[in-house]
There are 2 protein chains.
Amino acid sequence: MINSPFNCHFELTLELIGGKWKGLILWHLHDKKVLRNGEMLRLMPRITQKMLTQQLREMEENGLIRRVVYEQVPPKVEYSLTPHGEAIRPILEMMIDWGVEYARDKNILIACTQQKG
Amino acid sequence: MINSPFNCHFELTLELIGGKWKGLILWHLHDKKVLRNGEMLRLMPRITQKMLTQQLREMEENGLIRRVVYEQVPPKVEYSLTPHGEAIRPILEMMIDWGVEYARDKNILIACTQQKG
DNA sequence: CGGCATCCTCATAGATACTG
DNA sequence: CAGTATCTATGAGGATGCCG
């Protein structure tokens, strides 16, 4: 068993999906199944290359996503979800639903680029 | 309508419940219904007074919790959930469920102080 | 009892430039 | 195309002490 700094399983989950862009990245991967680096940059215009790479590396290390490198020129790298990543989906959906309801109640406008499927 | 810095409703929700201690605080409030400052400090030995106050103020401002001050000496302040705060519960439960499953698979040990009710 | 004020440190994330 | 590398500003969060 590996000891952890977490007080509860909620914090563990939060640590894994709570990164600034992880929810949005996971959401797009749920939607498109397979995505390349450049496609993600286009889907999320406000993310930087550095942040995208960083968040992808963390999620890969945590076993949420899969990174497949094709040894060719020009390079080609594909990202997709692992089973653990797939299992996150209902949580994302509930968080979005709650956010929609909350935003409606508080009159907050969100610049949505994605929709629930 | 108020414009927001969020790319999606997921980020809105994350902003409101993603603080370092907010999940745990909300969880205890779900469990006990009403809690005082000192009780929360005892329930979460690793939180500091500063962080507790800060997280409570943010959630109060966001309409997730209610703060009731009794004008008496010594002071008495009670915290409880608003309807928006109550509506968070299923999300917390799913995040805990996912975390439990993930921790089992990855052999991660969590120093749990709370259980699912 | 339930805070607030202050100081301090380190991690996060943005901007920018470069590479196989 | 898919990344690194470096620098920097900001602020989250810890420690400590004081207050009505």
Side-chain angles (χ1 to χ4, degrees), chain A residues 4-8 10-12 14-26 28-29 32 34-62 65-80 111, chain B residues 4-8 10-12 14-26 28-29 32 34-62 65-80 111:
Chain A
S4 74
F6 303 115
N7 298 300
C8 61
F10 171 81
E11 288 181 26
L12 170 65
L14 188 60
E15 176 79 11
L16 298 184
I17 69 170
K20 178 150 190 206
W21 296 92
K22 289 182 181 173
L24 199 48
I25 294 170
L26 289 171
H28 284 302
L29 281 172
K32 310 285 188 182
V34 177
L35 281 172
R36 300 178 61 178
N37 183 80
E39 293 176 311
M40 291 199 241
L41 289 177
R42 259 166 272 130
L43 285 168
M44 297 170 279
R46 301 207 271 194
I47 199 174
T48 61
Q49 173 67 66
K50 176 191 159 186
M51 284 310 295
L52 178 59
T53 302
Q54 184 180 309
Q55 306 278 294
L56 288 171
R57 290 291 182 283
E58 287 178 19
M59 290 197 287
E60 185 193 3
E61 192 165 347
N62 294 328
I65 65 174
R66 202 177 295 116
R67 180 172 180 266
V68 179
V69 182
Y70 295 85
E71 295 294 350
Q72 61 181 55
V73 181
K76 178 178 171 182
V77 179
E78 285 184 345
Y79 295 93
S80 57
Chain B
S4 74
F6 303 114
N7 298 299
C8 61
F10 171 81
E11 289 181 24
L12 170 66
L14 188 60
E15 177 76 12
L16 298 186
I17 69 170
K20 176 150 192 205
W21 296 92
K22 289 182 182 174
L24 199 48
I25 293 170
L26 289 171
H28 284 301
L29 282 173
K32 310 283 188 184
V34 176
L35 281 172
R36 299 178 60 180
N37 183 81
E39 292 176 314
M40 290 198 244
L41 288 176
R42 259 167 271 129
L43 284 168
M44 298 169 278
R46 301 206 272 193
I47 200 173
T48 61
Q49 174 68 64
K50 176 191 162 185
M51 285 310 294
L52 178 58
T53 302
Q54 183 180 310
Q55 307 278 293
L56 287 172
R57 289 294 181 283
E58 287 178 18
M59 290 196 287
E60 185 193 3
E61 192 166 347
N62 294 327
I65 65 174
R66 202 179 295 118
R67 180 171 181 265
V68 178
V69 182
Y70 295 86
E71 295 295 347
Q72 62 181 55
V73 180
K76 177 178 172 183
V77 179
E78 286 185 344
Y79 296 93
S80 57

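Within every chain, numbering begins at 1; the chains are lettered A, B, ... in the order of the sequence lines, protein sequences first and strands thereafter. Here the structure is a predicted model, which is why all the values come from computation and not from measurement. All values below come from the heavy atoms of this structure, side chains included, with hydrogens, waters and symmetry mates left out.
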Decide side chain to side chain contact (heavy atoms under 4.5 Å, CB included) for A:H28 and A:M40; before the verdict, give the C-alpha distance in whole Å, the side-chain angles of both, and the deciding distance to 0.1 Å.
-> CA-CA 8 Å; A:H28 284 302; A:M40 291 199 241; 6.0 Å; no
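Proximity of B:R36 to the phosphate of C:dC1: no side-chain N or O atom is located under 4.0 Å from OP1 or OP2.
Of all nucleotides listed (D:dG20, D:dG14, D:dA2), D:dG14 comes nearest to the side chain of B:M51.
B:E71 places its CD atom 13 Å from the P atom of C:dG2, with the value rounded to the nearest Å. A straight line from CD1 of A:I25 to C1' of C:dA13 spans 14 Å, rounded to a whole angstrom. For the pair B:K20 NZ and C:dT12 P, the interatomic distance rounds to 11 Å; values are reported in whole Å. Spacing between atom CG of A:L52 and atom P of D:dC1 amounts to 14 Å, rounded to whole angstrom units. Protein atom CZ of B:R46 is 12 Å distant from nucleotide atom P of D:dA15, rounded to whole Å. For the pair A:E39 CD and D:dG3 P, the computed distance is 12 Å after rounding to whole Å. For the pair B:Q72 CD and D:dG20 C1', the interatomic distance rounds to 15 Å; values are reported in whole Å. Following rounding to the nearest Å, A:E15 (CD) and D:dG13 (P) show an atom-to-atom distance of 11 Å.
The shortest distance between side-chain heavy atoms of B:V77 and B:N37 does not fall below 4.5 Å. Counting heavy atoms from C-beta on, the side chains of B:L24 and A:E11 come closer than 4.5 Å. Two residues are said to be in side-chain contact when any heavy atoms from C-beta on lie closer than 4.5 Å; B:W21 and B:R46 meet this criterion. Annotation: side chain of B:R42 is in contact with side chain of B:E39 (closest heavy-atom distance under 4.5 Å). Side chains of A:L43 and A:L35 form a contact here, defined as non-hydrogen atoms less than 4.5 Å apart. Taking 4.5 Å as the limit, some side-chain heavy atom of A:Q54 sits within range of a side-chain heavy atom of A:E58.
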List, with names and distances, any nitrogen or oxygen atoms from the protein found under 3.5 Å away from nitrogen or oxygen atoms belonging to nucleotides 4-11 of chain C.
from  : atom 1 : to    : atom 2 : distance (Å)
C:dC4 : OP1    : B:R57 : NH2    : 3.3

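Counting non-hydrogen atoms under 4.0 angstrom, A:Y79 reaches the backbone sugars and phosphates but no base.
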